[in-house]
Every structure is written in structure tokens, then in C-alpha cells.
Amino acid sequence: MSETAPAPFTSSAVSRRLSFFKGLQALTNRIHASKDIDEIMLELAPQLCALFEAERFTIYALEEGGGSIVTRVKTGLSGVQSIRLPIGENSIAGFVALSGDLVNIRDVYDDQELRAIAPGLKLRREVDASTGFHSRQMLVAPIRDPDTGSLLGVVQLINTRNGEPFSKVAEEGVLGLAQTLGVAFLRHTREPGRLRSRFDALVVDGRITAEEFADITREARTSGSSTEALLVDQLGLSHAELGAAAARYFGVPYQPFVTNHVKPMDLLRNIKREYVEQSLWLPYEETPEGVVILCIDPEQVRSSGVAQNVLPKKRLSFRVTTIHDFEQTVEQYFGTSLDDSSVSDLLSDLNDRDDDSTSLKDDVTAAADNELVKLVNKIIIDAYRQGASDIHIEPRVGKEKTLVRFRKDGSLVPYIEIPASYRNALVTRIKIMCDLDISERRKPQDGKIRFRKFAPVDLELRVATLPTQGGMEDVVMRLLAHSKPIPIDELGLLPFNLERLKSAIAKPYGIFFVCGPTGSGKTTTLHSILSYINTPDTKIWTVEDPVEITQKGLRQVQVNRKAGIDFATMMRAFLRADPDVIMVGEMRDHETVAVGIEASLTGHLVFSTLHTNSAPESVVRLLDMGMDPFNFSDALLGVLAQRLAKRLCTRCRERYQPDAGELQRLVDEYCEDMHLTPDFRADPDGARQRVLARWREAFADKDGGFTLYRAVGCEHCTQGYKGRVGLHELMLGSDAIKRLIQERARVEQVLGQALAEGMRTLRQDGIEKVLSGITDMKQVRKVCVR
């Protein structure tokens, strides 16, 4: 494609030719001998420019996926840190990569000359425009794999020093140089541990073969799909594996998508979604090492300098991610919420405050700011819609941001961070909503927010403020949604316990307790029981603090101590109101328990909760409170202890077959609670075998094998868990148990008798739910501590 006339065959021309190729041979020998191709090419670039009498010299390397080339070695381009060109006719180097032909152009700005080479060939003029350099002559050749002939890159020379086109000798020389570079590139990529693309580590580690990777990249190039998507869909690789491979290639950590990552609102203030989706980078978080930039190609983002321009005076560090993870993070940061405005928008709209206000008047003014009001409402609405039970607002001293966290499924997860200058105004706004003293910051305060006054959500929040170090105030808000009861068959009771529970609560009178720590679902269980026995011919009174679940047919009273309404007072009032069933939210003192037992002995069915650890312990605790053992034993129907364990996410949980050792540990752990029973003491090994036989009948497959599950984690859950399941321990008031109560027996004696009668402890119930695939032993051990 050269238009250059052949040089006359003279002795001086021969001499120059010999001198040129002698010099080229010396340089190619150094390239062959070098262990680091990039380093030696940077060192030799000025000498190559001098040899070819060119002003600039560039090497492009083929990117993974085969859709573009990117500068690997360049001279004279300090104004443009990195150049990426798609393979095609919209650039000269891209055309050479596409066609595989050498081109020698007299004037790259001559459109007629370019069209003579290829009808659609164009010059990328942006580089010249950004650097002020004017390209004229250009000599470009492909770099090929010497074994297969496949493209590896492109070598490019720009502008001769004499203003004439590059000579035929230069053409021969650049083809020889390209051949040398092909060998060096191939040797470089075949060296142990050397990676040529973000996915090469998958081949090096044997996760896929080189042939499979070549097929995938070929299909990606022809179909327009991403290599990443094809590796996942066709070869079954995980995004975590692709991310780890990219981390090795770029030399920066891999950052997967994290469901509950705290959004850095101040860093996102001036960044729009459209820009992020186009540039493929975003600020992820601010750490002591600087602002972490999340991106798909760290080298490109780092070399372009755009991130540093957007975040001036910030130290930057980089993490690589996959396209899939990046898209999820973008959706998490910028996705539209169920409301018209997102938290990001509301934070962006807050007026800047220079520093943390110390004036109460300023805080009140800021608390009335329309955007801050919207932000507080939005936080509460998001917590409600995400199923959170509590909102924790945690101001920190100095310039550190205020952290907002939600308790979901029993664990705290980060939600957002709010600029430090708004911490006092935020707390003041919440105090105003629940009529607390905004001037008092040194004492704890309690209040309630009836959220229907502020948003169309039937929600009540119980608010506690607590003074913390540095003159700060923390706020914790418990969400009390007016929900419907769960059907008793859906409480998660094992069939064995469900049948015994239904039998106990069908009695016409007596007292039944549900026990467990705060937040273990006691009220939910009680309302499920009430729903089961709620019939048109039954009068049911409840007194609760607060009323969280409402049911048609129940007459419900909320505690109001300022008005003289407490549990004991209402219990006595109920006895004068012709009840059939009475439910008391909590029995924490002698008076309330005594009235409850009295009511149960006079023909009423009484339900209540206790803050105790186990069913047998509840009995002894009530006796310690001064209850008459004979009256109490006569009244007792049963005690249900319960805990809530995290439920495995059914979308991503991973099944596996436990080995003999793990199964034996499960049996041993299950039988630890049986050591008080006579059968186990008489024949421990036989008892273990009977347990295992029962498990095989209930949970094993036809070959006798067990299937367990472990947490993995996906975008639909929190670290592999979604929702919670109840673990139950049901002790019924049998004749033997009542006799032990009358004798004031120790906890161990009551436990031994209950186990002998078939009671399963919380841990045993949990292990059976592990065998059912509902949860795992990590969660069972976490909530069932003896």
C-alpha cells in the first residue's frame, strides 16, 4: 500500500541500508535477550525512533476479548496517558489490527489517501487535538503470533524527520521489528506467572483450557457479547473467580458486590449515573489510605487521570471488579427506590454546612430543613420496606460521618453515612417527631413516633436516645408495624412439637408461657396461638406494651403507665370483663404472675411471656418469684422456649454431603442434652444409634445419605441468609413435671424429666432444622448457648 518510489540502487543507498539493518539487528538482539519486554521497549524506544528517523513510536497490545487495542509502549505522549482503540476502520492502528496489513501513509489528514486504502478509514484526531501535536506520515504494521499468525498487537511510527514518506527500507525494518516483537510477546506471556489478559489466570490455574478461552473470545468478538458473560453462562465460572483472576492481572484487590455496603454519599454528590455507566468507575468508599475507586479496568482509569480530576486533593486507591458486580453496585447506588426520591438525591440536596453546629437554635433550624425532614422519613420508610426491626443512628466525633445501620434478621447492616455537620440536626429532628426535650443531651430519653403523622405508613416507632462520648447522642428506633398474625402451622414448629402445642392450648383453662430473650419472636408466637383459638364464641382480652399485631375479634389494650394502665391493673380489670382468654404481654413481677395464676385457676386460659433461657428454667424462676408451688403446678399447661436463627437463602445456598466425621459430631452434639435421661445413661451408644436411625428415616435419601447446606451469598440475601426460623423447646405440664414443681426440684431434675417425656431442647430442634436444610450449625450454635 506504499506510494513511495523505490530508491535508486547506489552504493550510498546500499551502505545506508546495511547500516540500518545492522542497527536494527542490534536492537532486536537486545529485545530477544530481555526478560521484561515492557521495560526494554521503553529503554529502546528513543533508539528505535532515531533508527527509523521518526518522531514518535507506539506499540499497541490486543486487549482480552479481542475487541480493541491499547497502548503498551509509547513515546512523546505525555499529554495522553493511555490510548484505547477499537479494532475497525475508525482509526489507522485499529484498521491495521483488523486487516492485518502494513500501511504507509504520506499524509494522515488526506481523506482521499485514506479512502484509497479503505473506504471507511478515518484518523483519530482527538490525540493530536489534546496534545497539540500534528501527525503527518504514519507507518503501521501488525504484530503476530509466529506460531498461529493470530494478532497480538500493532507497532506504529509517526512522522519522519525529513518530512518525506517512510521509505521501503523502513517498511522492511518495521515488519522485521514486528516479527521480533511477536516472538518477545509470546515468550513474555508464556513465562510462568505472566498474564496477558484479565482472564489468563483462569487458564494458568487450570479452571479452563486455552482452547476453551480462545473459543469464548472468538464468540465474544463475533456475537458482540462480553467475554465475562460467556465465561459465566457457558463454562459455569463464578463472578468471584473472574474477579480474582482480574485482581492478579491488574495487581489490585478484587471487590465483589456487597449487598449492604454503605453508600459514600458525599463522594457521589456530583457524580451522575449516566457518567458512571459510561466511564465504568465510581468512588466506592473512603478509607485511611484514601478514596477507593471501583472500576473494571484500573490501568485505564488510573492513566486517564479523570478520577483524580473529579476528586481533587484526594489520595486514590483502586479495586477491580467484574462487569456484573459493577452493574449491581451502580444499581445499588443510583437505582430508583419505591419513592420518587432516593436517599442519594436527598443527601445531595442538603445545603452545605461548613462545620458542626454547636448552637441549639441552628440545630432546630437545620432540623426543619425540608430536605432533612425528607431524609429522616426516607430512612424510616426504607427500614420498614427492607424488613428491619431497628434503626441505629450513631454520630461520631470530629469530622467522621454519622453512620446509620439497620438490624435485619437479627444482625446490624450498614445503610448510609450522613455528613458530620448534620449529626445534631438529625437527632434534633427525631426528638421533635417524638416530642422529646431537644435541649437535654446529657440524659437518656424515651419516646414514640406515630409515623402516620409524617407519611402514609401505619407504623409506630419506639425511640431511645442515649448520650455518648464526645457530647454526642445515639438514637435507636424500634419499628412496630401493625401486622397480621402468622398462622400457627407456619411458625416453623416441627410436626412433633406442633401437635403437642395444639393439644396444650386446646385446654379450657390454665396458664401457658412463651419464653426467650428480647427479639426472639415471643409476641409473634403468642398471637399465632391466639389466632388459632380465636373463634366467634370466645372472648379474648390482651394487654401489651405496645400493641404490635392486631387481630379482628381480640380486644386489645396498650399499656400507658402515665394513665395508670399497667399489666397487673389490666389483669384485674379483665377478670371483671367476662373473659375466656387473657394474654399478658409480659410477666416480670410477683403481682402480675400471681394474678395470672389466680385467673387460670378460676376457669380462664392465660398466656404470657417470660425473659428466661429455657423451658425448665422458667418453672424454677417463677417459683423463685414467690409463687405457691401447688397453685402453680395445678395451673401450668406448658412452657415454650424459643430462639430465632437465620434462615439460609434458598436462592444461593450450596448443598454438600457431610462426611462421617461431621455426621458423628452432629450426633454427639444432639446427644449432649440427653445425658440426664435414664435411657441415655444406661446405654449411651445405643441411644446415639437410635437417634441416627430416626434421622435416616426422616431426613436421608433412599441410599441413607444426608444432604446439608452452607451459606454462599447473593444479591437477594445478606451473606447467605434471608429471613429467620424459630427454634423451639416445648415442655408440657405433665403429672411428673407438676410433681417436681410441688417438690421445688432443681432445673436439672425438671430438664431430665422433660427429656424423658420426649421434649427436644432448642439445640436439638435446631439440629433437626439443619438436617432439613433450613439453617446451618453456625446459626444454631450462635443462638443455643448452654
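Scanning for side chain to side chain donor-acceptor pair (under 3.5 Å) contacts around D215 gives R218, with sequence neighbours left out. Evaluation of the side-chain contact (heavy atoms from CB on, under 4.5 Å) rule for T160 yields Q137, N162, F166 as partners, not counting sequence neighbours. Contacts of D233 classified as salt bridge (charged side-chain N to carboxylate O under 4.0 Å, His left out), with partners at least two apart in sequence or in another chain: none. Remark: N29 engages Q25 in a side chain to side chain donor-acceptor pair (under 3.5 Å) (not counting sequence neighbours). By the side chain to side chain donor-acceptor pair (under 3.5 Å) test, E219 pairs with Q234, sequence neighbours left out. Residues passing the side-chain contact (heavy atoms from CB on, under 4.5 Å) test with V203 are I208, A210, F213, sequence neighbours excluded. Take F326 and apply the ring-ring contact (aromatic ring centres under 6.0 Å, His included) test, not counting sequence neighbours, and it matches no residue. E241 pairs by the side chain to side chain donor-acceptor pair (under 3.5 Å) definition with R207, S238, not counting sequence neighbours. E53 is linked by a salt bridge (charged side-chain N to carboxylate O under 4.0 Å, His left out) to nothing, counting only residues two or more places apart in sequence or in another chain. R115 pairs by the salt bridge (charged side-chain N to carboxylate O under 4.0 Å, His left out) definition with nothing, not counting sequence neighbours.
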For this session: Go through the steps to decide whether V154 and V140 satisfy the test side-chain contact (heavy atoms from CB on, under 4.5 Å), and finish with yes or no.
Result: CA-CA 7 Å; V154 170; V140 191; 3.2 Å; yes

Problem set entry | Derivation of the side-chain contact (heavy atoms from CB on, under 4.5 Å) call for I31 and L177 | CA-CA 10 Å; I31 293 171; L177 176 62; 4.0 Å; yes

Exercise. For V232 and H324, what are the C-alpha separation, side-chain angles and deciding distance, and is it a side-chain contact (heavy atoms from CB on, under 4.5 Å)?
Worked result: CA-CA 10 Å; V232 172; H324 177 264; over 6 Å; no

Problem set entry | side chain to side chain donor-acceptor pair (under 3.5 Å) assessment of D382 paired with Y415 | CA-CA 9 Å; D382 276 1; Y415 171 61; 2.6 Å; yes

Problem set entry | Audit row: R405, E417, salt bridge (Lys or Arg N to Asp or Glu O under 4.0 Å) steps and yes/no | CA-CA 9 Å; R405 297 194 287 173; E417 290 181 329; over 6 Å; no

For this session: Any chance you could lay out the side-chain contact (heavy atoms from CB on, under 4.5 Å) test for L114 and K122, step after step, and finish with the verdict?
Result: CA-CA 7 Å; L114 296 184; K122 298 177 182 177; 5.7 Å; no

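Residue pairs meeting the salt bridge (charged side-chain N to carboxylate O under 4.0 Å, His left out) criterion with at least one member in residues 308-321, sequence neighbours excluded: E285-R319, E286-K314. Under the salt bridge (charged side-chain N to carboxylate O under 4.0 Å, His left out) criterion, no residue pair touches residues 148-160, with sequence neighbours excluded.
One finds the CD1 atom of I216 at 11.0 Å from the CG atom of L202 (value rounded to the nearest 0.5 Å). To the nearest 0.5 Å, the span separating CD1 on I293 from OG on S317 amounts to 7.5 Å. Taking CG of L181 as the start and CD1 of I59 as the end, the distance is 4.5 Å to the nearest 0.5 Å. A distance of 10.5 Å separates NZ in K22 from OG in S15, rounded to the nearest 0.5 Å. Atom OG1 of residue T28 and atom CZ of residue F21 lie 10.5 Å apart, to the nearest 0.5 angstrom. Here the OG1 atom belonging to T58 is positioned 8.5 Å from the CG atom belonging to L157, to the nearest 0.5 angstrom.
Taking the six-membered ring where tryptophan is involved, the planes of H134 and Y109 are essentially parallel, since the angle between them stays under 30° and well short of 60°. Relative ring orientation between F52 and F20 is described as perpendicular, the plane-to-plane angle rising above 60° on a 0-90° scale split at 30° and 60°.
Shown here for A247 and P253, the closest heavy-atom pair between the two residues is CB-C, 4.1 Å. Here the shortest heavy-atom pairing between H239 and Y254 reads O-OH, 3.6 Å. In terms of heavy atoms, I92 sits closest to V108 at CD1-CG1, 3.6 Å. Annotation for I69 and G94: closest pair CD1-N, 4.1 Å, computed over non-hydrogen atoms. Among all heavy-atom pairs drawn from L121 and S91, the shortest one is CD1-O, 3.6 Å. Annotation for L139 and A170: closest pair CD2-O, 3.7 Å, computed over non-hydrogen atoms.
A donor-acceptor contact shorter than 3.5 Å links the side chain of R144 to the backbone of G100. In terms of modelled atom types and a separation under 3.5 Å, the side chain of T329 and the main chain of D325 share a donor-acceptor contact. No donor-acceptor pair closer than 3.5 Å links the side chain of Q255 to the backbone N or O of G243. Between the side chain of R198 and the backbone N or O of I296, at least one donor-acceptor pair lies under 3.5 Å. Side-chain atoms of N159 come within 3.5 Å of backbone atoms of R136 as a donor-acceptor pair (strictly under, hydrogens ignored). Here the side chain of E212 pairs a donor or acceptor atom with the backbone of T209 at under 3.5 angstrom.
Between R17 and E172 there is a salt bridge, since a side-chain N of the basic residue sits under 4.0 Å from a carboxylate O of the acidic one.
Counting heavy atoms from C-beta outward, I271 and L282 have side chains that stay 4.5 Å or more apart. With a 4.5 Å cut-off on side-chain heavy atoms, P283 and V292 do not count as touching. Contact of the Y284 side chain with the F318 side chain is not registered, since no non-hydrogen atoms from C-beta on lie closer than 4.5 Å. M138 places none of its side-chain heavy atoms less than 4.5 Å from the side chain of V103. The closest side-chain heavy-atom distance from L237 to L242 is below 4.5 Å. No side-chain heavy atom of R16 sits less than 4.5 Å from a side-chain heavy atom of V169. Side chains of I379 and I418 form a contact here, defined as non-hydrogen atoms less than 4.5 Å apart. Within the 4.5 Å cutoff, the side chain of Y275 has heavy atoms near those of the V306 side chain.
Atom CD of E89 is surrounded by more than 12 heavy atoms from other residues, nucleotides or ligands within 6.0 Å. Heavy atoms from other residues, nucleotides or ligands lying under 6.0 Å from CZ of R161 number more than 12.
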